[in-house]
K.L.:
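Okay, here's the structure, questions in a sec.
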2 protein chains.
Amino acid sequence: MTTLQEIMSPKSIAIVGASDNKARIGGRPLAHMIEQKFSGGIFPINPNRDSVQGIKAYSSLLDVKEDLDFILVAVPSQIVVSVLEQAVEKKAKTALIFSSGFSEIGGQGQIYQNQIKKISKDSGLRIIGPNCLGLFNSATNFYPTFTSTIDRATPKPGGISIASQSGAYGSHIYMVAHQRGLGIRYWMTTGNEVDLSVGETIQLMAEDPDVHSIMAYAESVKDGEQFTKALDTARSEKKPVIFMKVGRSEVGAAAANSHTASLAGEDVIYDEVLKAHGAYRVRSTEEMLDVAYATKPRIFPAGKNLGIVTISGGGGVLMADAASDEGLIVGPMPEDAQDELKQLVPFASPMNPVDVTAQFFNDLSLIPKFTDLMLSKGGYDALIGFWTSVAGSPVLSKPLLSSLKQAMKGYEDKLFINCMVAPEEYVKMYEKEGFPCIEDPTRAIIAMSALMFFGEKFNLNEAKQDFKKNDHVIKMPKKKLNEIDCSEILRAANLPVVKSLQIKNLDDLSSLFKNDDTKYVMKILSSDIQHKTEVGGVILEIKNIDQAREAFKKIHKNVNEKAPKAIIDGVMISPMIKGGVECILGAKIDPVFGPIVMFGLGGIYTEVMKDISFAEAPVSSDKAKKMILSLKSKDVFFGTRGQPSVDIKSLITAIVNLSNLIAANFDRIDQVEMNPILVSENSVIALDALIVTK
Amino acid sequence: MTTLQEIMSPKSIAIVGASDNKARIGGRPLAHMIEQKFSGGIFPINPNRDSVQGIKAYSSLLDVKEDLDFILVAVPSQIVVSVLEQAVEKKAKTALIFSSGFSEIGGQGQIYQNQIKKISKDSGLRIIGPNCLGLFNSATNFYPTFTSTIDRATPKPGGISIASQSGAYGSHIYMVAHQRGLGIRYWMTTGNEVDLSVGETIQLMAEDPDVHSIMAYAESVKDGEQFTKALDTARSEKKPVIFMKVGRSEVGAAAANSHTASLAGEDVIYDEVLKAHGAYRVRSTEEMLDVAYATKPRIFPAGKNLGIVTISGGGGVLMADAASDEGLIVGPMPEDAQDELKQLVPFASPMNPVDVTAQFFNDLSLIPKFTDLMLSKGGYDALIGFWTSVAGSPVLSKPLLSSLKQAMKGYEDKLFINCMVAPEEYVKMYEKEGFPCIEDPTRAIIAMSALMFFGEKFNLNEAKQDFKKNDHVIKMPKKKLNEIDCSEILRAANLPVVKSLQIKNLDDLSSLFKNDDTKYVMKILSSDIQHKTEVGGVILEIKNIDQAREAFKKIHKNVNEKAPKAIIDGVMISPMIKGGVECILGAKIDPVFGPIVMFGLGGIYTEVMKDISFAEAPVSSDKAKKMILSLKSKDVFFGTRGQPSVDIKSLITAIVNLSNLIAANFDRIDQVEMNPILVSENSVIALDALIVTK
């Protein structure tokens, strides 16, 4: 198995296409490494020169006697394959390809890319790129990259690493991180990802002891399994993955597609997968930076209970709003603690947000007292203090910090984020003592919510799914499936689908109409007819045998007229069922992440409200319940006090069973749709069932 | 009428409670004004001293011979009333009260506050505060404020002004604005608002020629009419009002309530009112600052078509996503223009986002060519350029700026926001040439969307509502209204409510059952019974006269048993109607903003989805249509290609008519609810109607 060390800490590098011109892509990495004093061997390859930037040059890789670990390729696309063949001959471990002109332009470019891929597969040579801006390891001054950002910002030491599909955007992230004072250990861009992907990069970073947080950017993921495994590794190592996935919108997805020539898959699925595997998805670059910054103390609060202490009542209200937006709990202090606070500062608002008022200017000892009360009695998992620019005052900044330090003694597992406007030197002073500082209160709340997200995910002991695939593999008739087939398959998989009968003999139906006044629906049965109603193939409200006989005739007549070419399997009859909440339960194979189960609001609202939750199949009962609870319309299923007002247990079972079905049969089933499925007090039953096979 | 000049540019100021200690609230404003060289007369009032901070002191206001324009009050609450009486005697124009201990503590504090209010009303003395941090006019060095922020940040000249209910938060906004390089002309905090409110402050700022943008913060608005008038004035003066209204969430609202002791009203109504009157509501302080900053060139794009030019494909995708979130249109370039772009840069992605690629490093002349093509052929209202930190390179920054200047020649009404990471000196250079620079791409998009919002609002020529109140005043029976009464009142106001009959004689009903197979519902009629079903007062599915007779008896019997004390007006019968989209149409009197009409999704989804739109009544047909279109579920009403699939015309008429009804009768009607109202292809009809009178 490859390690990050192998790729990022080579003993030697050859630069194929090395240039004397420091502004060119073949010149810049060499210049970076000379300037930053890379201690390994550097071997410029340039057949036209004896030396490049003062270093002896070679006419080809094969002319170098020494071992070569890392080959940097900066030559036109048509030469790349031959360079890689030499790299293999030299037993190099890694080749990084700057060159563009591959899959992103199609045609001959795609052919070259396929050849590169084959070389990597056959030889084990790890390839980064092509069409890639490169990477760096700041600890070893290894800079095989032509980003100009390094000229403007020499990396600082630190444990945060960046994995980015996009080179230019990866450079941007690096630059703003640098300006925020973040030390970036590894920076890796993956370009066309013929071999190394952002997913594997995350895996390698998660396994590297020098990395403590990972920022990642991607427009698409190719290998869903590798990707989720990487996220799981990071989670089990308690390393936050802060993820930017772009292409959420229609225009964005189209732009991403034209940019990377790969279909991105459905954004809601990415959203769910990232969340499920413990990666925090950011909405902006600034948020990405804030969260990465806030991970520095490596404290991830165990819960979502937030205490807010403020010297501005208005600021407190604003932060309470923001916390509510992020799903955090801003619960009140216990009554007795409120009384104590009131005794300390009569004008204080002691609820939470706790408003210390301007009184704290006069007596900084109030801060430790307040903070201690909030931590010891409030039961908060973390605190945010809003000090405005008052904390930037030369008179108050240091005493406030001492007070905070004193207050936090004994609460080393709790995080305290300061929200303050202060000169950089003061901020650094706070940071050094383990207090992150974020100027804007809303941004501070969002960063805190991300840390709480990680805290929740890192502490999760999800029981390993007990899924025996063979228990759920089904027999599939070797024919086009009609509605009866679909419903029988699903019923056999313990899914609640209304029982329909194929009508063999009309007389058999007499028994149906004996007992009660159930009404029936009769439908034409044909896998050739998609829209049965449109051809007069559905008749409702059948109450007795006479109406049944008539309907049978009429359906045949209608279909005969309107769809004369359709192959007819027969006619089916099912009881009409009404009442309950109209839902949709389905499953499908996502091109990236494989089997997916989905549940949501049905009927006319499915499309309009898009209130549907997704999960990778198979799911546990717990996860199925979480899917229901994550719906905006969840109150439809849960009455007052969170008690189910419908048959939640059967609904959960249905979700689990469908997830098992799709997970075990993903090679034969492409899609399942039970729509509508009626969920009511005493039952869960699908009225219609569709299976699309591969 | 008061002007901002009168309050903010007095010839003289008296400071009652002036202190020698520059850290105290009675000392700080004096220190500020001495240091900043306020040129008007300064009269410290302190009975215990001959001079304060080197200036001759007086023992009371009445001891001052000279005229006093502005009285600053920094004495305990119990003395404030007497000081104000002296201020009135001195014919002062304005009194500003720092002191706390008024309505925010209740009891005696409330009594003092009422006395102050009376003095202001009786004398015409304008009062700011109490419980207020003060204000400043940076152009005249007038600093009656005890915020310490001024010590750390002397205001720069500029045209942006700040109105804030909260002093501490107002100080915070000022500080971050200052750090962004924004010149703040007027800064005013209003505290308990016994007289001057944030609303009137906005009005005064909108009328002042030196103000070009207004940042405002409020937890609540007391006088809705004054507030909306102020926003309208700002809009007609084309001055952006950038508004932060906090207390959106439950916890936030509770905190705001305990903070300012005023109920905030419903947040959704604030949201609608701010939007309707052209104020842009921000979600964070940072957004407030970004938007204020972006208003500096005073260009407000006429539409929402955004062109994006980028040197990072990934950045383009990210910005397209953000633009979509904000409802902007990122439409593609016309085909011929795309071809031209492709000729200039073969690797470019010419759609929009237009990806110039790294090619632009080598040939900056591409920028003007690209920009010109986008502006002349793309039809975009504004552009954003994403340059990463490349624009911060000493080699590229100036040439890029020249290129941009050249490109924008002839497009002076278009805005170009630069998204770049660059040293402050370069940013200032860009700003000077009219190019705002916002580092984060998402923030740049949001700021742009705010400018486009103002552009839309400033250019709106909404026809003045032709509302003749007297045409809509209705007669109300002087009794408790039962369901028949309600439905008759609404029907008389041309609202579609199903026609119900009060049953006088059962025999009269025979005619009902003659013609068709309509089913009927029978209900008990009593204004004493709220939940009719629970007392067995509703019977459904009545098909014939026999069932009607039986139902009539049964209802009487049920109600007799279960609600023996209720006064019964009789029994009513109405046809049962099914089908269509279940909606809710209602009206109510908002405590702040008065008559409001509301329309939204009904049934089980009303509470769950909260998909309801609100508007101040009366509304025009246009506005009613906009209300429908603003629903998340609007697609339920509009089929493919935006064509109505239901009877939209009748629905619009119903909304307009209800809005007229509540607007004309707000003094007698408190609430109207038509729920459900069924909206279908051919009809709009309410099945139930409720009027709550005052």
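Note that the structure is predicted; figures quoted are calculated from it, not measured. Chain letters run A, B, ... following the sequence lines, proteins first, then strands; residues in each count from 1.
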K.L.:
Just verifying a value: how many Å separate A:Leu318 CG and B:Glu219 CD, rounded to the nearest 0.5 Å?
P.N.:
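Here the rounded value is 9.5 Å.
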K.L.:
Considering only heavy atoms and a distance below 4.5 Å, find which of B:Thr388, B:Asp321, B:Asp151 pairs most often with chain A.
P.N.:
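Highest number of heavy-atom pairs under 4.5 Å: B:Asp321.
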K.L.:
Using 0.5 Å steps for rounding, measure from the CE atom of B:Met288 to the CG atom of A:Asp440.
P.N.:
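The CE atom of B:Met288 sits 11.5 Å away from the CG atom of A:Asp440.
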K.L.:
Do B:Pro441 and A:His172 have side chains that approach each other closer than 4.5 Å (heavy atoms only, starting at C-beta)?
P.N.:
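B:Pro441 vs A:His172: side chains touch.
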K.L.:
Residues in side chain to side chain contact (heavy atoms under 4.5 Å, CB included) with B:Lys22, at least two apart?
P.N.:
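With neighbours one apart ignored, the set is B:Ala31, B:Gln53.
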K.L.:
Do the side chains of B:Ser148 and A:Val390 get nearer than 4.5 Å, heavy atoms only?
P.N.:
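The answer is yes, as the side chains (C-beta and beyond) meet within the 4.5 Å cut-off.
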K.L.:
Which distance, rounded to the nearest 0.5 Å, do you find between the CD of A:Glu439 and the CE of B:Met175?
P.N.:
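If we round to the nearest 0.5 Å, A:Glu439:CD and B:Met175:CE are 8.5 Å apart.
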K.L.:
Within the structure provided, determine whether A:Arg283 and B:Thr442 are in side-chain contact (heavy-atom separation under 4.5 Å).
P.N.:
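No, side chains not in contact.
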K.L.:
If we define contacts as heavy-atom pairs under 4.5 Å, which of A:Gly170, A:Ala168, A:Ala218 has the most with chain B?
P.N.:
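It is A:Ala168.
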K.L.:
Tell me which of these, A:Ser324, A:Ala320, A:Ser249, A:Ala153, has more heavy-atom pairs under 4.5 Å with chain B than the rest.
P.N.:
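It is A:Ser249.
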K.L.:
Taking C-beta and beyond as the side chain, do B:Ser171 and A:Ser389 meet within less than 4.5 Å on heavy atoms?
P.N.:
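No - every pair of side-chain heavy atoms lies 4.5 Å or more apart.
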K.L.:
So for A:Val330, is it side chain, backbone, both, or neither that comes closer than 4.5 Å to the heavy atoms of chain B?
P.N.:
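Looking at A:Val330, backbone and side chain both touch chain B.
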K.L.:
What's the separation between atom CZ in A:Arg248 and atom CG in B:Asp325, rounded to the nearest 0.5 Å?
P.N.:
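Spacing of CZ (A:Arg248) from CG (B:Asp325) equals 4.0 Å.
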K.L.:
Non-hydrogen atoms of chain B under 4.5 Å away: do they reach the side chain of A:Ser393, the backbone, both or neither?
P.N.:
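For A:Ser393, the contact with chain B is made by backbone and side chain together.
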K.L.:
Side chain, backbone, both or neither: which part of B:Met319 has a non-hydrogen atom closer than 4.5 Å to chain A?
P.N.:
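Nothing of B:Met319, per the 4.5 Å heavy-atom cut-off to chain A.
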K.L.:
So which of A:Ile105, A:Leu289, A:Val251, A:Asn352 has the largest heavy-atom pair count under 4.5 angstrom toward chain B?
P.N.:
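Ranked by heavy-atom pairs under 4.5 Å with chain B, first place is A:Val251.
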K.L.:
Rounded to the nearest 0.5 Å, how far does CD of A:Glu286 lie from CD of B:Glu286?
P.N.:
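Here the interatomic distance stands at 4.0 Å.
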K.L.:
Please confirm whether the backbone N or O of A:Gly392 pairs with a side-chain atom of B:Arg152, one donor and one acceptor, at under 3.5 Å?
P.N.:
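It does not hold such a pair.
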K.L.:
Could you state the interatomic distance from OG (A:Ser284) to CD1 (B:Ile445), rounded to the nearest 0.5 Å?
P.N.:
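If I round to the nearest 0.5 Å, the distance is 12.0 Å.
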K.L.:
Using non-hydrogen atoms only, which part of A:Glu287 is less than 4.5 Å away from chain B: side chain, backbone, both, or neither?
P.N.:
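Looking at A:Glu287, nothing touches chain B.
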